[in-house]
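The structure appears below as structure tokens.
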There are 2 protein chains.
Amino acid sequence: MFLLNGERGHRVDVSDRGFQYGDGVFETLEVDNGKPLFLQAHLTRLALGCRTLGIPEVDSALLSKEACELAEQSGCRSVLKLIVTRGSGGRGYRQPEPIHPTRLLALYPYPDYPESYQGHGIVARFCRQRLAVNPALAGIKHMNRLEQVMARAEWSGDAIQEGLMLDYQDRVVEGTMSNLFLVKQGVLHTPTLAACGINGILRQMVLNFAARYNVNVVENNYSRESILDADELFVTNSVIGVWPIKQLEQQGFECGELTRKVQLWYAAARAAEVSA
Amino acid sequence: MFLLNGERGHRVDVSDRGFQYGDGVFETLEVDNGKPLFLQAHLTRLALGCRTLGIPEVDSALLSKEACELAEQSGCRSVLKLIVTRGSGGRGYRQPEPIHPTRLLALYPYPDYPESYQGHGIVARFCRQRLAVNPALAGIKHMNRLEQVMARAEWSGDAIQEGLMLDYQDRVVEGTMSNLFLVKQGVLHTPTLAACGINGILRQMVLNFAARYNVNVVENNYSRESILDADELFVTNSVIGVWPIKQLEQQGFECGELTRKVQLWYAAARAAEVSA
């Protein structure tokens, strides 16, 4: 189900700069009980992305209204994707003047993930495809996603659920679709996103949980070896929630105490959000 | 005028991965006398880009036929853009199986460039926006072009015609829409594209001219200072041809002997191609 600039439709003009250059930003969020979860946080990040790219901000109240209307038509759990692009323009990189952003909302079925991913953990690998260091665009969820596409194409089948990506300076940054956390001696660690990567909404929530419950957090740079040396590993995103990593390459990991705590904190926040 | 998968049309499905992720490649070429110029070279690069991204190759004969048919309907000079994407797919970075590439051909009016750009040269600047170092995707003309969009947004008006972009390691790589050449003591220099940048068709032609006419060529890394220290500077692309730079930041440049030679070589090759 698609809502394109407020109307039912699933065809966008080829002159849209989202199509021509990946010139836009997006959000992906979970819908449950007809409600887009943590919508305000996603709209805030979307607005930040638009500001970073110089795309005029789309009325947040309008996006919120459309997101809720679309989500209401979802009987059960689903996934809502919001896209805002710089709109249509002429040939060439020069921006159109004035800019009329395109907004697209799309509703997809919730993926059929086995319960075991959350319960027992997933199998992950390191990807060959690297993330380019690009501080100007780091953090925001823009539509230039060829690196993730290339990384995700490195494996198929169901034996592996996520690939971890390093940047060209050999630092492990994130998963193809998730943020990464590690636990070392009771301290929660997560890669800094100053150079590249996406600052996930769930990542931000986990950092807030940690602050609230007095868990020490370190944001730093991590080599492949220091990741493999962790006591616990987990990945997060707004659709999957919190998945422990039970195996990375040849190495097994326990789903430890802190990972379980984070899952419980998120489950409680999510339940409160669904029923709010 | 647009030809989308062989049919007149200018609306693409929003599930097309070109729109979702910039997951595709493109070519931009000049049309004159109803003919797409140097089409074969562009189709070769397009095919290389598809191979790099793992997009099944689109029948080159079909693309050629469609390009020529569309170009024939252009009375005078125009610009032809070819796009090939990974086609429609579900949500998420995982590739669709099988992949049915989308092909789009679009005809645009030739830009109204003053004759002086070619005759007397253009004014250029250095952009603040950097190019990320990304060897896996360097050279090909993929559709992740936010860096160029951001760089081109740094100036408006007609006082400046092109912006030169550095990578994050302070090497000058190319213009936002062009490749860069410099002349130092009779030797032709151009930045290497091993780390980032687009390997332009006209760049390749200029390197071939140099080999044929016994001009020494160096491909290397160049700092901002070494660019400003050049005897001559020019930029190239398939639409503009060869533009001397007469001013870069505060510094003036002569349109020297070698730049004029390159212009003449290209003019001759272009004339032969138009009448071939």
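Proteins come first, then strands; the chains are lettered A, B, ... in the order of their sequence lines, and each starts at number 1.
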Considering only heavy atoms from C-beta outward, does the side chain of [X] approach that of [Y] to under 4.5 Å?
X	Y	result
A:R145	B:Y93	yes
A:R11	B:D16	no
B:R91	A:V239	yes

Practice problem: Could you grab the distance from atom CD of B:Q95 to atom OG of A:S156, nearest 0.5 Å is fine? | Solution: 9.5 Å

Self-check item: Point-to-point distance, once rounded to the nearest 0.5 Å, from CD of B:Q20 to CG of A:L104
Solution: 7.0 Å

Using a 4.5 angstrom heavy-atom cutoff, name the option from [options] with the most pairs to chain B.
options	answer
A:V133, A:T85, A:V14, A:L131	A:V14
A:D23, A:T28, A:T176, A:L137	A:D23
A:M177, A:R86, A:K81, A:R94	A:R94
A:P109, A:G9, A:A106, A:A132	A:A132
A:G22, A:G24, A:S15	A:G22
A:G54, A:P135, A:A153, A:A151	A:P135

Exercise. Carefully, step by step, assess B:E147 and A:N144 under the rule side chain to side chain donor-acceptor pair (under 3.5 Å).
Key: CA-CA 10 Å; B:E147 291 166 353; A:N144 276 200; over 6 Å; no

Practice problem: Can you see which heavy atom on A:I83 is nearest to which on B:F19, and at what distance? | Solution: CD1-CE2, 3.9 Å

Exercise. Looking only at non-hydrogen atoms, find the nearest pair between B:Y168 and A:A136 and report the distance.
Key: OH-N, 3.3 Å

What part of [X] lies closer than 4.5 angstrom to a heavy atom of chain A: side chain, backbone, both or neither?
X	value
B:T52	backbone
B:L53	both
B:V12	both
B:L146	both
B:M143	both
B:Q129	side chain
B:R128	neither
B:P111	side chain

